[in-house]
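Here's the structure, in structure tokens; my notes come after.
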Amino acid sequence: MRSYANRKAIILCVAAILIFVSPLFLLGNDAHIRVHDNLDSNLAWYKVLAESGQMFGGVHAVIPQIINGLPRDALGTEWTLIVWLHAWFSTMTAYAISQLLTRLIAFLGMYLLLRTHIIRNIKAHWIVALVSLAFALTPFWPSGMLSTMGHPLALWAFLSIRSNKANWKHWLAISLLPLYASFVLGFFFFLVLMGVVWLVDLIRYRRLNLRFLGSIIWMTALFLATDYRLVYTMIAGSETMHRVEFVSSRQEFGQTLRLFWKNFLLGHNHVMTLHTFIILPVLAITLLPVLFSRRRTRPMNVYLGLTALNLLLSFWYALWFNKLWKVPKEHIDLLSAFNFARFHFLRPLVIYASFGLACYLLWQLGRRSIRIFVYICLCLQLVVLALSNEEIVYGLYKNAPSVEAFYAAEQFKEIREYIGLPPDTYKVASIGLHPAIAQYNGFYTVDTYNNIIPLDYKHRFREVIADELAKSKDLKRYFDEWGSRLYIFSAELGKHYDFRKDTDRTIKNLDLDTEALRNLGGAYVLSSVRIENAAANDLLYERSFDHPDSAWKVHLYRVRS
């Protein structure tokens, strides 16, 4: 009977996941999805890479379509499934498959972790299933894949190996995860945590546990081999990249404390857990009886450990931006180029494992009213997560353009045909809309948004917008101290990148160094707003392009020779 109940719970949860992702399959290009670090970058990168002929390009290869030769390594390794999904399928089909695959594996991993290592009471199967479902529905960063959502599956495997109860399934899990996850965006931090667990075991029990250590080394080696391009760039790359100029540590301690509480209470954009309204109160309610319990059980001790780790991760995240790191980051390039604050990417695992354990500890009290309260909280958290569906958030709440309207393929085809030249014979720049749109549609661009950009090119591009940066302290800091967005910024528009066709904004006083733009190969400017002093910038207005399926009205300007 219990086995049937378990299967029933799993089937219902899988069905819920299928329903949750179904709008992506049903709507296709009419779907509404995340723009930031998604439509404005990664999805365009996958398409550019697939069409570049440089999928297996060497470590010195470049992508000519972007900034006169973006290093091939900037678009990631070819040994990850998401790249091939976008090579095999259309953008939205690949995106939908990736979402489904990630959420199913996330559910499986959390279910196995809770059932095997945390909540072993078979009678609590609905708690295990519903918490696992909740974890699987969190709005993770799409191109992160299993970088955070795969942590429960990996932890299930490592804890089994650590206790000498592993079989081929556990080793298979840690061997396949590197093919659908990022080392620097999640698993580096997870593997450091596993190393700490091994070290604590060594000190506490004086047990070397070579099998556990070997499994950590094995997975680390697989990640490094899979992402060999990143390893080469960091160790043997001859060209200096823009990340060495990152400046992130400028906060006073009071600001650090505020950032700590903000992260602890609300989470982070790239690892959204939506834990504020339901999960946090449940965790707080459970903490009190656990703290004052005279006889703490193993689950209680695990719960306290997870609570402490949760607080520590948020504090470390905030501390990374404190000014005490300013001098070390100025002298050690790795500290400025690599974001060690991302240890907080472990928080989705910690928060939902804590949530499951908290629900179980309350459920164990045995009172019917408390058990009803637990199941109500689980259901309410699922409602919160259901309302986080991309179609609801971006289609209804934020009124973002659909994928088709964002990339505006037909409109940009008209622009390309109007120009009438082979795309590789000229380059464009964008104002008021993301360069990724032009890149997605096959244009060669002088501007871009990427994680790895040659420092020399960043400096040359800066000459184009130097006068505009001088008008705005915020834009100047944004570009000089971060600079991953090489955009034609206008002080009048500020740090905004998408002015749609219903905007009434214009640029009255644009100050570009057009000669510097020409030196980069810029021949045309695609602007979503009118430039009133275009002639003063050696820009000749050609015509405007509108399309019913596009979110933009694009004004085409030619750079005078």
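- Aromatic pair Tyr317/His268: ring centres closer than 6.0 Å.
- No donor-acceptor pair under 3.5 Å is formed between the side chain of Thr102 and the backbone N or O of Gln99.
- Ring planes of Phe189 and Phe345: perpendicular class, angle over 60° (limits at 30 and 60°).
- Counted by atom type alone, Tyr111 and Trp156 present zero donor-acceptor pairs between their side chains at under 3.5 Å.
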- Task: Check step by step if ring-ring contact (aromatic ring centres under 6.0 Å, His included) holds for Phe340 and Trp320.
- Result: CA-CA 7 Å; Phe340 284 95; Trp320 185 249; 5.5 Å; yes
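- Residues Phe338 and Phe188 bring their aromatic ring centres within 6.0 Å.
- In this structure, Leu113 and Pro152 approach most closely via the heavy-atom pair CB-O, 3.9 Å.
- One N or O on the side chain of Thr77 and one on the backbone of Thr226 form a donor-acceptor pair closer than 3.5 Å.
- When side chains are defined from C-beta on, Met219 counts as touching Leu191, because their heavy atoms get closer than 4.5 Å.
- Once rounded to the nearest 0.5 Å, the distance linking CG of Leu81 with CD1 of Ile97 reads 9.0 Å.
- Residues Ile452 and Ala74 come closest through the heavy atom pair O-CB, 3.6 Å.
- Looking at Phe158 and Phe212, their side chains come closer than 4.5 Å, going by heavy atoms from C-beta outward.
- No hydrogens or angles considered: nothing links the side chains of His32 and Ser402 as a donor-acceptor pair under 3.5 Å.
- A distance of 12.5 Å separates CG of Leu202 from OH of Tyr205, quoted to the nearest 0.5 Å.
- Judged by distance alone, the side chains of Tyr232 and His60 do bring a donor and an acceptor atom under 3.5 Å apart.
- Looking only at side-chain heavy atoms (C-beta outward), Trp171 and Ile174 come within less than 4.5 Å of each other.
- In this structure, Met92 and Phe25 have side chains that are not in contact, with every pair of non-hydrogen atoms separated by 4.5 Å or more.
- Closest non-hydrogen pair, Ile119 versus Gly356, comes out as CD1-O, 3.4 Å.
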Carefully, step by step, assess His151 and Phe187 under the rule ring-ring contact (aromatic ring centres under 6.0 Å, His included). CA-CA 8 Å; His151 287 171; Phe187 266 92; 4.9 Å; yes
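- Side-chain contact annotation: Ser248 with Lys329, donor-acceptor N/O pair under 3.5 Å present.
- How far CZ of Phe355 is from CG of Leu378: 4.5 Å, rounded to the nearest 0.5 Å.
- Of the possible donor and acceptor atoms, one in the side chain of Ser52 sits under 3.5 Å from a partner among the backbone N and O of Gln54.
- Taken to the nearest 0.5 Å, the CG atom of Asn339 stands 9.5 Å off from the CG atom of Leu185.
- Ion pairing between a basic and an acidic side chain is recognised when a charged N comes within 4.0 Å of a carboxylate O; Asp40 and Arg34 show no such pairing.
- When side chains are defined from C-beta on, Leu283 counts as touching Ile279, because their heavy atoms get closer than 4.5 Å.
- Residues Met149 and Pro348 have side chains not in contact (no heavy-atom distance under 4.5 Å, counting atoms from C-beta outward).
- Closest approach of Tyr407 and Asn38 over heavy atoms only: OH-O, 4.3 Å.
- Residue Phe277 places its CZ atom among 12 or fewer non-hydrogen atoms of other residues, nucleotides or ligands, all under 6.0 Å distant.
- Taking the six-membered ring wherever Trp is involved, the centroid distance between the rings of His86 and Tyr46 falls below 6.0 Å.
- With values rounded to the nearest 0.5 angstrom, Ile285 atom CD1 is found 13.0 Å from Leu361 atom CG.
- Between the side chains of His36 and Ser41, no donor-acceptor pair is found at a separation under 3.5 Å.
- Using modelled atom types, one side-chain atom of Lys47 and one backbone atom of Tyr440 make a donor-acceptor pair closer than 3.5 Å.
- By the neighbour-count criterion of 12 heavy atoms within 6.0 Å, atom CZ of Arg296 is densely surrounded, having more than that number from other residues, nucleotides or ligands.
- Glu78 has a carboxylate O that lies under 4.0 Å from a charged side-chain N of Arg72, or vice versa, which qualifies the two as a salt bridge.
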Checking ring-ring contact (aromatic ring centres under 6.0 Å, His included) for the pair Phe56/Trp84: CA distance, chi angles, key distance, verdict?
CA-CA 12 Å; Phe56 292 99; Trp84 287 103; 5.7 Å; yes
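- Between the side chain of Ser147 and the backbone N or O of Ser182, at least one donor-acceptor pair lies under 3.5 Å.
- With no hydrogens or angles considered, a side-chain donor-acceptor pair links Arg347 and Asn310 at under 3.5 Å.
- For the pair Phe406 and Ile437, the minimum side-chain heavy-atom distance is below 4.5 Å.
- Of all the heavy atoms in Cys13 and Ala129, the pair that sits closest is SG-O, 3.5 Å.
- Within a 6.0 Å sphere centred on CH2 of Trp261, other residues, nucleotides and ligands contribute 12 heavy atoms or fewer.
- Side-chain atoms of Pro454 and Ile67, non-hydrogen and from C-beta on, do get closer than 4.5 Å to each other.
- In this structure, Trp79 places its CH2 atom where only 12 or fewer heavy-atom neighbours from other residues, nucleotides or ligands lie under 6.0 Å away.
- Taking all atoms of both residues into account, the shortest heavy-atom contact from Ala136 to Arg103 is O-NH1, 2.7 Å.
- To the nearest 0.5 Å, atoms CG (Leu43) and CD1 (Ile82) are separated by 8.0 Å.
- Side chains of His344 and Ser314: a donor-acceptor N/O pair is absent below 3.5 angstrom, by distance only.
- Counting heavy atoms of neighbouring residues, nucleotides and ligands inside a 6.0 Å radius, atom CH2 of Trp316 exceeds 12 of them.
- Side-chain polar atoms of Thr448 and Gln439 form a donor-acceptor pair below 3.5 angstrom.
- Not one N or O on the side chain of Trp45 forms a donor-acceptor pair closer than 3.5 Å with the backbone of Asn450.
- Judged by distance alone, with hydrogens and angles left aside, the side-chain atoms of Gln381 form a donor-acceptor pair with the main-chain N or O of Leu274 at under 3.5 Å.
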